[in-house]
Structures are given as C-alpha cells and as structure tokens.
2 protein chains.
Amino acid sequence: MRAEALKGHLDGLLLATLEGGPQHGYAVKEALRDATGGRLDLPTGTVYPALHRLERAGLIKGSWSVVGGRRRRTYELTEQGRRSLAGARDHWQEFAAVISAALGGGPWPATN
Amino acid sequence: MRAEALKGHLDGLLLATLEGGPQHGYAVKEALRDATGGRLDLPTGTVYPALHRLERAGLIKGSWSVVGGRRRRTYELTEQGRRSLAGARDHWQEFAAVISAALGGGPWPATN
DNA sequence: TCACTATAGGTAGCAACCCTACGCATTGGA
DNA sequence: TCCAATGCGTAGGGTTGCTACCTATAGTGA
C-alpha cells in the first residue's frame with residue numbers, strides 16, 4: 001500500500017488503536033499491522049512523530065515506564081482524544097462515501 | 001469536506017470525471033461538485049495544477065479551443081490514463097478496506 | 001567474546017500535494 | 001458602469017508521511 005495516501009487519516013487510526021486501552025508506541029505500530037493483515041506496516045519514523053503530534057494536540061497522554069530494562073512511553077486516550085476519534089470515524093464515512101460516489105466504477109457494493 | 005484528506009486520491013477522481021468524455025478544467029471541477037452533491041467543491045488552484053500534473057504524466061491529453069470568446073483547454077483520457085483509472089479504483093478499494101478495518105467502529109455503510 | 005536480531009525510542013531533512021491568495025481575460029446582466 | 005460568472009493560470013506555504021539515520025537493551029547463536 002502506498003501509505004502516502006494516508007495523509008489526514010493516520011491520526012484516527014492511531015487513536016482507534018488506543019481505544020482498547022493504553023499501549024506503547026511500538027505496540028501501536030504492531031497492532032495496526034495485525035489489524036490490517038500486514039497491509040499497513042508503518043515505519044517507526046511515521047508512528048513516533050505522529051504520536052508526538054497527537055500528544056501535543058492533547059488527544060493522547062503519554063507516560064514513561066521501564067519494562068524488562070527497556071524504557072517505554074505508554075499512551076492513552078484523553079477525553080478529547082475520544083471525541084476526536086468519534087469525529088474521525090464520522091469524517092471517514094463521509095469521505096469514503098464522497099470518493100466512492102465520484103470515483104464510480106462500482107467500488108461500492110451498494111449500487112450493484 | 002476538508003479536501004486536504006484527498007492527498008493521493010485526487011488524481012483518480014479527475015480521471016473518473018473524464019471517463020465519460022472530454023471536458024475542460026472548469027467543467028471537471030463542476031462535474032465533481034455535482035457528483036458529490038456539493039460536498040467536494042475544489043478550488044481552481046487545486047484542479048488546474050492537478051490536471052497539468054496528469055497531463056505531464058501522460059494520463060490525459062489537452063487541447064486548446066475557443067468557445068464563446070473564451071479559450072478552453074479540453075482534456076481527454078489517454079489509454080494510459082484509462083489503465084491508471086482502473087488501478088486507482090482497485091487501489092481505493094483496498095485502501096478503504098484497510099482503513100475501515102483499522103478504524104473500526106462500524107466502518108462500512110454497505111450492509112444497509 | 002562477538003555479531004546479529006528484535007524490541008523500543010528518537011531526530012533531520014525531504015518530497016508530495018493540496019490550499020490560499022492572487023492575477024488575467026471575456027461575456028452578460030443589473 | 002460595475003460586478004458576477006466563466007475560464008485559465010501561477011507563487012508560495014503548510015501539513016504530513018517517508019527515508020535514513022542514531023541510541024540503547026535483551027537474547028540468541030557462533
């Protein structure tokens with residue numbers, strides 16, 4: 001997958017991954033990979049800066065810990081992040097509907 | 001709609017608009033707006049450079065004409081553009097499936 | 001002991017691409 | 001006469017994901 005197409009959608013994916021409970025960055029990356037059957041295997045250089053951005057924006061909150069001699073930064077959703085995730089899902093649905101309508105060619109099972 | 005999320009998907013939309021037959025840039029912009037019920041109203045500063053990009057890439061072919069005293073640049077799909085459109089549709093389907101899978105939360109309206 | 005891999009975090013710089021804000025020209029209506 | 005709609009265009013900027021690189025620890029195997 002050309003992940004460049006992710007522009008503007010990555011934040012929602014990261015928030016969704018954290019919805020089930022707190023996780024550290026590396027685990028988020030792996031959860032995303034597993035959730036998509038390996039089709040979305042983001043480089044760490046994408047994941048970490050994005051998490052920092054989300055934290056700066058107040059959508060997630062991070063805290064340091066040490067597990068097995070390795071330092072970890074564990075993130076969890078804030079209340080604002082939860083609202084933002086809901087908004088991202090709404091936005092995605094509308095976006096997908098719009099693109100599908102404009103792209104045509106039977107992308108949507110609905111119009112068959 | 002925040003069209004900024006379009007990153008990487010605009011080209012396919014423009015190609016799809018030209019699939020029905022040759023059109024000039026302004027008409028493409030309006031066709032896209034109409035096809036999406038006004039939800040995707042792109043500024044001309046987005047449409048024209050994108051069309052130039054597609055032409056440079058050999059996916060569309062443009063020609064000048066004058067209609068009602070106004071010069072128009074009419075574009076039509078090339079064979080390569082037609083193939084690229086098919087690829088864009090495939091790519092969109094996979095992309096949408098991946099994002100929906102990762103975003104969760106009742107992703108697909110298909111099951112209506 | 002040494003090398004390598006997996007795990008875990010990070011940064012700098014780049015490139016793509018869409019947007020904002022303009023500019024020009026013509027036609028037609030108020 | 002002025003303005004809106006039509007129609008084309010460019011310059012510059014900002015967001016954002018990617019490539020490429022760095023640091024560090026634990027564990028495995030030669």
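Convention: sequence-line order gives letters A, B, ...; per-chain numbering from 1. All values below come from the heavy atoms of this structure, side chains included, with hydrogens, waters and symmetry mates left out.
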Next item on the list: With sequence neighbours excluded, tell me which residues meet salt bridge (charged side-chain N to carboxylate O under 4.0 Å, His left out) with B:Arg53.
Entry: B:Asp11

Next item on the list: For C:dT11, take OP1 and OP2 only and decide whether either is under 4.0 Å from a side-chain N or O of A:His52.
Entry: yes

Check: How many angstroms lie between CD1 in B:Ile60 and CG in B:Leu77, if you round to the nearest 0.5 Å?
Finding: 8.0 Å

Check: Rounded to whole angstroms, how far apart are NZ on A:Lys7 and C1' on D:dT16?
Finding: 4 Å

Checklist line | Value in whole Å for how far the P atom of C:dT7 lies from OH of A:Tyr48 | finding: 11 Å

Next item on the list: Calculate, to the nearest 0.5 Å, the distance between atoms CG and CG belonging to A:Leu18 and A:Leu85 respectively.
Entry: 9.5 Å

Checklist line | Any A:Arg53 side-chain nitrogen or oxygen under 4.0 Å from OP1 or OP2 of D:dT15 | finding: no

Notebook entry, point to check: Given atom CG of B:Leu54 and atom C1' of C:dC18, what is their separation to the nearest angstrom?
Noted result: 13 Å

Only distances under 3.5 Å count here; give the side-chain donor-acceptor pairs of residues 23-30 of chain B to other protein atoms, sequence neighbours excluded, each with its distance to 0.1 Å.
| unit_1 | atom_1 | unit_2 | atom_2 | d |
| --- | --- | --- | --- | --- |
| B:Lys29 | NZ | B:Asp41 | OD1 | 3.1 |
| B:Lys29 | NZ | B:Leu42 | O | 2.9 |

Next item on the list: Mind calculating the distance between CG (B:Leu51) and C1' (D:dT10) to the nearest angstrom?
Entry: 15 Å

Next item on the list: Return the residues of residues 23-35 of chain B meeting this criterion: a heavy atom under 4.0 Å from some atom of DNA chain C. Order them by number, or give none.
Entry: none

Note to self: How long is the straight-line distance from CG of B:Asp34 back to OG1 of B:Thr17, given to the nearest 0.5 Å?
What the structure shows: 10.5 Å

Next item on the list: Calculate the interatomic distance between B:Ile99 atom CD1 and D:dG17 atom P; express it in whole Å.
Entry: 11 Å

Next item on the list: For B:Asp41 and C:dC18, give me the distance from atom CG to atom P, rounded to whole Å.
Entry: 16 Å

Check: In whole angstroms, how far is the C1' atom of C:dG10 from the CG atom of A:Leu42?
Finding: 17 Å

Next item on the list: Classify the angle between the aromatic ring planes of B:Trp92 and B:Phe95 as parallel (below 30°), tilted (30 to 60°) or perpendicular (above 60°).
Entry: tilted

Next item on the list: Specify the separation, in whole Å, of atom OH of B:Tyr75 and atom P of D:dG7.
Entry: 14 Å

Next item on the list: Calculate, to the nearest 0.5 Å, the distance between atoms CZ and CG belonging to A:Arg83 and A:Leu15 respectively.
Entry: 12.5 Å

Item checked: Residue A:Arg72, side-chain atoms from C-beta onward, closest of D:dG9, D:dG17, C:dA8 -> C:dA8

Notebook entry, point to check: Can you name the salt bridge (charged side-chain N to carboxylate O under 4.0 Å, His left out) partners of A:Arg82, sequence neighbours left out?
Noted result: none

Next item on the list: Could you note down all residue pairs passing side chain to side chain donor-acceptor pair (under 3.5 Å) where residues 58-75 of chain A supplies at least one of them, sequence neighbours left out?
Entry: A:Glu55-A:Arg73

Next item on the list: Heavy atoms under 4.0 Å is the rule here; annotate nucleotides 21-30 of chain C 5' to 3' with B where the base is hit, S where only the sugar-phosphate is, and - elsewhere.
Entry: B----BB---

